[in-house]
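Report on the following structure.
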Amino acid sequence: MAEPTRETTAVRAALSVIADVDPVIADAIAGELGNQRRQLKLIASENYASPATLLAMGNWLSDKYAEGTVGHRFYAGCEFVDVVEARAAELARQLFDVPHAYVQPHSGIDANLVAFWAVLAQRVELPGLERLGAKHVNDLSPADWEKLRLELGGQRMLGMSLDAGGHLTHGFRPNISGKLFDQRSYGTDPETELLDYAEVRRLAVEFRPLVIVAGYSAYPRRLDFAAMREIADEVGATLMVDMAHFAGLVAGKVFTGDFDPVRHAQIVTTTTHKSLRGPRGGLVLCQPELAEFVDKGCPMVLGGPLPHVMAAKAVALAEATQPSFADYAQRIVANAAALAEGLMRRGARLVTSGTENHLVLLDVATSYGVTGRQAESALLDGGIVTNRNAIPRDANGAWYTSGVRLGTPALTTLGLGTAEMDEVADLIHGVLSATTPAAAAAGPSKAKYAVAGGAADASRSRAAELLARFPLYPQIEL
Ligand code: DSN
């Protein structure tokens, strides 16, 4: 019998140690791997981190408090956390060719909050303190502090509308960013469904925001960051880009020139677990004038850093600096194009009629007469995991939606190529063509559905065949 691989030995040993304390958790960890091995993962914001990245998180670095930054901590004994954080930041600077990187954010929301507060500190708080002849907020009288506090809270932000594919953390009211900033949104052209830069400029000139946010979680096209920076400069705004979804495409040099956000924005945020294929977490990259403010992220808006996750970020960033990552990024985009082409050839309607990045937004209401919620559930029955997503001017609202968002980073990690993407398009089309809304008391349901003629079973077995050809973590056997 063949010797187990090092990864198999490590994971088996870890699960057995955990099971001695709580078998429910050990079983759930193993169960999650089983689930992920049974489903074709098309969630655009998910991926599969490498075993090295995953293993870097399971250790005693987690036990250390390290508020502050490298060499300036509020706790003693941070020698090795400093090594970890400095290494992760160095790799991030190198990968994205940026002067400064902050690797502590625990998530995308956190990274965005660090960025917003850095811009507010640089553009509002610091000039306010200078005006009042003070060095620190603690030196201000209660009356002066109240004035500065109101000024900090009275700033404006321009961001992409949610229904055009923007993100809740870009100034929308249910999120802290929307309570902090007076926000206005730019949308997409109703005909082409593409971003209209002239309209962004018109809004910016009229609204005069402090910050313009570019970036999306459901827009299937590239953004012209050079054009966005020109608009920001014209109105005196700071350009912030949230590249969480497409950071892997920036790292892999698919988005270059006008389309590389790091070349054009003063500050860029990202998560590390999407197309970048790292651990769950965030990064902030910025120009030198914002660095000192970004570095105050903890304890300004972040709890103590997660040293074990920073270690895993460093491992993933080291992987992303390898030439094979650029090849991976190219294949993500080629696969999304093949998936889009395969769906359109079968008669489906896609928002913007195509894709230029890692995602495809399928209009399931127009194409198949179902809601996003019904499509998402029917596809899961067919062994395909996706998420429902609003489309521009969505008649079904944000809960049921009219769209399903499909992304290729995860399946590309498994090694599927353009030929397999056409097969995936066939599976999706097969399931959704057989799906109809079920009847409810007040007309057709928006949630209940039926899949006719064994289409879901047929899809599930074809998905299983594909997954057997392109296994997840082949080096791990539980
Ligand atoms: N939840 C992420 C996504 O799925 O796009 C964004 O926050």
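Values below: all heavy atoms of this structure, side chains included; hydrogens, waters and symmetry mates excluded. Numbers here are sequence positions counted from 1.
- Atom-to-atom distance recorded for N47:CG and R280:CZ is 10.5 Å, nearest 0.5 angstrom.
- For the side chain to side chain contact (heavy atoms under 4.5 Å, CB included) with K274, the lone residue among H245, M243, E46 that qualifies is H245.
- Between P471 and L414, the shortest heavy-atom contact is O-CD2, 3.9 Å.
- For Y473 (side chain) and L33 (main-chain N/O), no donor-acceptor pair under 3.5 Å exists by modelled atom type.
- Side-chain contact annotation: T352 with R221, donor-acceptor N/O pair under 3.5 Å present.
- Between the K446 side chain and the Q374 main chain, no donor and acceptor come within less than 3.5 Å of each other.
- Note that CZ of R388 and CH2 of W399 are 4.5 Å apart. Values are rounded to the nearest 0.5 Å.
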task: Could you check V370 against Y400 for side chain to side chain contact (heavy atoms under 4.5 Å, CB included), going step by step and ending with a plain yes or no?
output: CA-CA 10 Å; V370 292; Y400 292 108; over 6 Å; no
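- Side chains of F259 and E356 form no contact here, defined as non-hydrogen atoms less than 4.5 Å apart.
- Using modelled atom types, one side-chain atom of R37 and one backbone atom of L472 make a donor-acceptor pair closer than 3.5 Å.
- From T418, atom OG1 reaches atom CG of L339 across 11.5 Å, with rounding to the nearest 0.5 Å.
- Between the side chain of R12 and the backbone N or O of E477 there is at least one donor-acceptor pair closer than 3.5 Å.
- Judged purely by distance below 3.5 Å, without hydrogens or angles, the side chains of S107 and D110 pair a donor atom with an acceptor atom.
- Judged by distance alone, the side chain of S459 and the main-chain N or O of I428 form no donor-acceptor pair under 3.5 Å.
- Using a distance-only test at 3.5 Å, with no hydrogens or angles considered, no donor-acceptor pair links the side chain of S433 to the main chain of G430.
- Atom CD of Q330 sits about 11.5 Å away from atom CG of N335, to the nearest 0.5 Å.
- Distance alone, capped at 3.5 Å, places no donor-acceptor pair between the K313 side chain and the G281 backbone.
- There is a side-chain donor-acceptor pair under 3.5 Å between D295 and H100.
- Counted within 6.0 Å of CD on E191, heavy atoms from surrounding residues, nucleotides or ligands total 12 or fewer; the atom is thus considered open.
- Between L158 atom CG and Q183 atom CD the span is 7.0 Å, to the nearest 0.5 Å.
- The two residues A204 and I231 have their closest heavy-atom pair at CB-CG2, 3.6 Å.
- Between L416 and M421, the shortest heavy-atom contact is CB-CE, 3.9 Å.
- In this model, a donor atom of one side chain and an acceptor atom of the other lie less than 3.5 Å apart for E319 and S50.
- Here the shortest heavy-atom pairing between H358 and A44 reads CD2-O, 3.7 Å.
- Between L359 and P220, the closest side-chain pair of non-hydrogen atoms falls below 4.5 Å.
- Heavy atoms only, all atoms of each residue included: A251 and F325 are closest at CB-CE2, 4.0 Å.
- Taking the six-membered ring for Trp and the full ring otherwise, H170 and Y216 have centroids separated by 6.0 Å or more.
- Side chains of R277 and T53: a donor-acceptor N/O pair is absent below 3.5 angstrom, by distance only.
- Nearest heavy-atom pair across G278 and A316 is CA-CB, 3.4 Å.
- A donor-acceptor contact under 3.5 angstrom links the side chains of S402 and N396, judged on distance only.
- Between the side chain of E376 and the main chain of N387, no donor-acceptor pair closer than 3.5 Å is present.
- Counting heavy atoms from C-beta on, the side chains of D394 and D163 never come closer than 4.5 Å.
- Side-chain N or O atoms of S177 include one that pairs as donor or acceptor with a backbone N or O of T169 at under 3.5 Å.
- Atom CD of Q475 is surrounded by more than 12 heavy atoms from other residues, nucleotides or ligands within 6.0 Å.
- The number of heavy-atom neighbours closer than 6.0 Å to CZ of R6, taken from other residues, nucleotides and ligands shown, is 12 or below.
- Considering only heavy atoms from C-beta on, R393 comes within 4.5 Å of P190 through its side chain.
- Considering only heavy atoms from C-beta on, L362 comes within 4.5 Å of L350 through its side chain.
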task: Would you please test L276 and L95 for side chain to side chain contact (heavy atoms under 4.5 Å, CB included) and show each step?
output: CA-CA 11 Å; L276 197 52; L95 180 65; 4.2 Å; yes
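- The environment of R263 atom CZ is dense: over 12 non-hydrogen atoms of other residues, nucleotides or ligands sit within 6.0 angstrom.
- If you check the side chains of T412 and Y328, you find no donor sitting under 3.5 Å from an acceptor.
- In this structure the side chain of S217 reaches within 4.5 angstrom of the side chain of R405, judged on heavy atoms.
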- request: Decide side chain to side chain contact (heavy atoms under 4.5 Å, CB included) for L411 and L466; before the verdict, give the C-alpha distance in whole Å, the side-chain angles of both, and the deciding distance to 0.1 Å.
  value: CA-CA 10 Å; L411 293 188; L466 270 173; over 6 Å; no
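- Under the 3.5 Å distance criterion, the side-chain polar atoms of T386 are left unmatched by any main-chain donor or acceptor of L42.
- With a 4.5 Å cut-off on side-chain heavy atoms, F172 and H167 do not count as touching.
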task: Mind running side chain to side chain contact (heavy atoms under 4.5 Å, CB included) on D258 and F225 for me, showing each step along the way?
output: CA-CA 6 Å; D258 292 353; F225 298 109; over 6 Å; no
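- Here the straight-line distance linking atom CG of L223 with atom NE2 of H264 works out to 12.0 Å at 0.5 Å rounding.
- In K448, the NZ atom is not crowded: 12 or fewer heavy atoms of neighbouring residues, nucleotides or ligands sit closer than 6.0 Å.
- Between V241 and F246, the closest side-chain pair of non-hydrogen atoms falls below 4.5 Å.
- The pair D426-R346 counts as a salt bridge, with a side-chain nitrogen and a carboxylate oxygen less than 4.0 angstrom apart.
- R93 has no carboxylate O lying under 4.0 Å from a charged side-chain N of E90, or vice versa, which leaves the two without a salt bridge.
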